[in-house]
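Just so you know, ligand 1 is whichever comes first in the structure, and atom 1 is the first atom listed for that ligand. Values in this document were obtained by computation on a predicted structure and should not be read as measured data.
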Amino acid sequence: MSHRMKERLAYHLNEQRQRLDYLKKHYGQFKISEVTLEQIISGIRGVTLLITDTSYVDPHQGIRIRDFTIPELLRVLPKARNSAFPLAGGLYYLLMTGEVPDETEAWEVEETWKERMAVPEHVFRVIDAMPHQTHPMTLLSQAILALQTESIFARRYEEGISKPAFWGYYLEDSLNLTAKLPVLAAYIYNRKYRQGEHIPPHPDLDWSANFAYMIGRSDDPIFVELMRLYFVLHSDHEGGNVTAYSANVVSSSLADIYFTASAGINGLAGPLHGLANQECTRWLLRVLHHFGGLPSEEQLETYVREQVERGMTIPGYGHAVLRTVDPRFTALADLAETYFPQDTLYRLVKRVYAVVPRVLASLGKVKNPWPNVDAISGALLYHFGVRQLDFYTVLFGISRMLGVTAQTVWSRGLYKPLERPKSITSQMLEAMIAQADETAPAPLASTPVA
Ligand SMILES: CC(C)(COP(=O)(O)OP(=O)(O)OC[C@H]1O[C@@H](n2cnc3c(N)ncnc32)[C@H](O)[C@@H]1OP(=O)(O)O)[C@@H](O)C(=O)NCCC(=O)NCCS
């Protein structure tokens, strides 16, 4: 167990519980948001109804993880050996405790993970039992769910434990699960794309480098660097994104971390969310194929305009919260610019970036015409020969589980209750409007359908 991390976490949870109790007691009636009907009909967009301390998406600055912007985060976290990028263990420490770890504390998490990497045989058998064409996200979700047999929280709960003890077992489960994620991802990759040539984890490597090693690609140090950067960038995006939100609701029922993480992964598998990296790379390759190479800006603009006029979505562009270029896009572009600025797909990414925002902005309805992380991440993986597009979201997923598990440990540590918003029927809504506004037309619901 990473003792220091648990100790600091206990301290901060205790402090935070007191703060929240105080706020609830003295400011319980303080209004944070008002909800309009339009917002309810439009995906609850812009309604603040969650408190999540691991990170915050600033619409104009992008993600702040424990208040650090991406450039700050890359600067302050302890780096892996011979690397410009952070150790995932240090990031996890920060997500969990809110404190920047020193190198020893970051390595302590890495060592804890190493002790917990062994995956029970039945989990591999679950993956092996699925048809070969199964989507890797399905396999990841199933593998995580198959690990549920190992939940310490579930066992202790059955024996009878009280609320203050919950978070400690959620933490144990979280460390056990996150330790195994690179192993599961590599197993899925090797089974699907490397004829089952599995490589066990290397005891000397950090969490991120180990993934590269297990898929047989640790010989390229820049790919290893990309993995370290990638796993930091995708780890957390506050509480309301589909992954975190679904996971939080599931965990609020005291479902253990395995049920919780699997639910989050299922949400990430949608093309409007995590799967956009797969979709975007597919789209970029289609563009190259269509033009027989890199199109000019003019050609690209005509092509994009035709697509949006036909009602198509340009993957990798737009965001529910961001109103600027995603700093995760910029961080990945910096890496590509440093190491392979002439790569064709990367050059296309840049050209798309020069064209798509002005096309989307000209439609007058897209709230954020700028690229998000998915507009580039796949192109970088592709450069390094990871060309199985349907695998891309798995990498997003194992990184995002760092944030999701940290959020979950905090939710249980703060004794958050079951989440259960209220719903009404549309007829009830119409009746409410009619009561408030005498001039309102007769409820639509009572109008017979022709
Ligand atoms: C991310 C996304 C789902 C956000 O949705 P949202 O909050 O509803 O976005 P907006 O409020 O800006 O949408 C307003 C309109 O612009 C359209 N729009 C938004 N992004 C668009 C895009 N990339 N291409 C074309 N049209 C887009 C929407 O479809 C909507 O059109 P409608 O009113 O005709 O239905 C959306 O931008 C999208 O689908 N992007 C592409 C997928 C993607 O990259 N997802 C990963 C996000 S990290």
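- With a 4.0 Å cut-off on non-hydrogen atoms, Leu360 touches ligand 1 through its side chain and not its backbone.
- Closest heavy-atom approach to atom 42 (C) of ligand 1 among the candidates Pro369, Gly318, Gly316: Gly316.
- With a 4.5 Å cut-off on side-chain heavy atoms, Ser174 and Tyr92 count as touching.
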Legend entry - Verdict with supporting geometry, Glu72 and Arg75, salt bridge (charged side-chain N to carboxylate O under 4.0 Å, His left out): CA-CA 5 Å; Glu72 289 166 353; Arg75 205 173 50 244; 5.0 Å; no
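- Here the heavy atom of the protein found nearest to atom 11 (O) of ligand 1 is Lys367 NZ, 2.8 Å.
- Every atom of ligand 1 is numbered from 1 in the order shown, and the set under 4.0 Å from a heavy atom of Asp374 is 46 (C), 48 (S).
- Atom 47 (C) of ligand 1 has Asn372 ND2, 3.6 Å as its closest protein atom, hydrogens excluded (heavy atom only).
- Protein heavy atom closest to atom 36 (C) of ligand 1, with residue, atom name and distance, is Tyr317 O, 4.4 Å.
- Scanning the protein for heavy atoms near atom 24 (N) of ligand 1, the closest one is Ile314 N, 2.9 Å.
- Protein heavy atoms are absent from the space less than 4.0 angstrom from atom 2 (C) of ligand 1.
- A side-chain donor-acceptor contact under 3.5 Å links Ser141 and Ser262.
- Using a cutoff of 4.0 Å between basic side-chain nitrogens and carboxylate oxygens, Arg305 and Glu301 are scored as salt-bridged.
- Counting atoms of ligand 1 from 1 in the listed order, those under 4.0 Å from a heavy atom of Ala276 are 43 (C), 44 (O), 45 (N), 46 (C).
- Within the 4.5 Å cutoff, the side chain of Tyr258 has heavy atoms near those of the Glu150 side chain.
- Below 4.0 Å from some heavy atom of Leu272 lie the following atoms of ligand 1, by number and element: 39 (O), 45 (N), 46 (C), 47 (C).
- The His273 neighbourhood of ligand 1 comprises atoms 46 (C), with distances under 4.0 Å to a heavy atom of that residue.
- Within a 4.0 Å radius of atom 28 (C) of ligand 1, the protein contributes no heavy atom.
- In summary, of the residues considered (Thr393, Asp236, Asn241), a side chain to side chain donor-acceptor pair (under 3.5 Å) with Arg400 occurs for Asn241 alone.
- Where the criterion is an N or O separation shorter than 3.5 Å, residue side chain and backbone included, Thr313 fails it with respect to ligand 1.
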Inset, instruction - Report the C-alpha distance between Arg358 and Glu297 in whole Å, list the side-chain angles of each, state the deciding distance to 0.1 Å, and finish with yes or no for salt bridge (charged side-chain N to carboxylate O under 4.0 Å, His left out). - result: CA-CA 12 Å; Arg358 71 167 174 259; Glu297 280 195 23; 3.8 Å; yes
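- Which parts of ligand 1 touch Ala320 is read off a 4.0 Å heavy-atom cut-off, strictly below it: atoms 4 (C), 7 (O).
- In this structure, atom 5 (O) of ligand 1 lies nearest to the protein heavy atom Arg45 NH2, 3.9 Å.
- Contact check for Asn248 versus Ser411: side-chain heavy atoms found under the 4.5 Å cut-off.
- In terms of protein heavy atoms, atom 33 (O) of ligand 1 is closest to Lys365 CD, 4.0 Å.
- For atom 9 (O) of ligand 1, the closest non-hydrogen atom on the protein side is His319 O, 4.6 Å.
- Neither side chain, Trp410 nor Gln16, offers a donor N or O lying under 3.5 Å from an acceptor on the other.
- Residue Met312 places no N or O, backbone or side chain, under 3.5 Å from any N or O of ligand 1.
- Taking all heavy atoms of Asn277, Val359, Val242, Val366 into account, the minimum distance to atom 16 (O) of ligand 1 is reached by Val366.
- Considering Leu91, Val76, Leu94 as possible partners of Arg66, the one that fulfils the side chain to side chain contact (heavy atoms under 4.5 Å, CB included) test is Leu94.
- Counting only heavy atoms from C-beta outward, the side chains of Thr52 and Tyr56 never approach each other to under 4.5 Å.
- The shortest N or O to N or O distance between Arg328 and ligand 1 is not below 3.5 Å.
- By the 4.5 Å heavy-atom criterion applied to side chains, Pro201 and Met214 are counted as neighbours.
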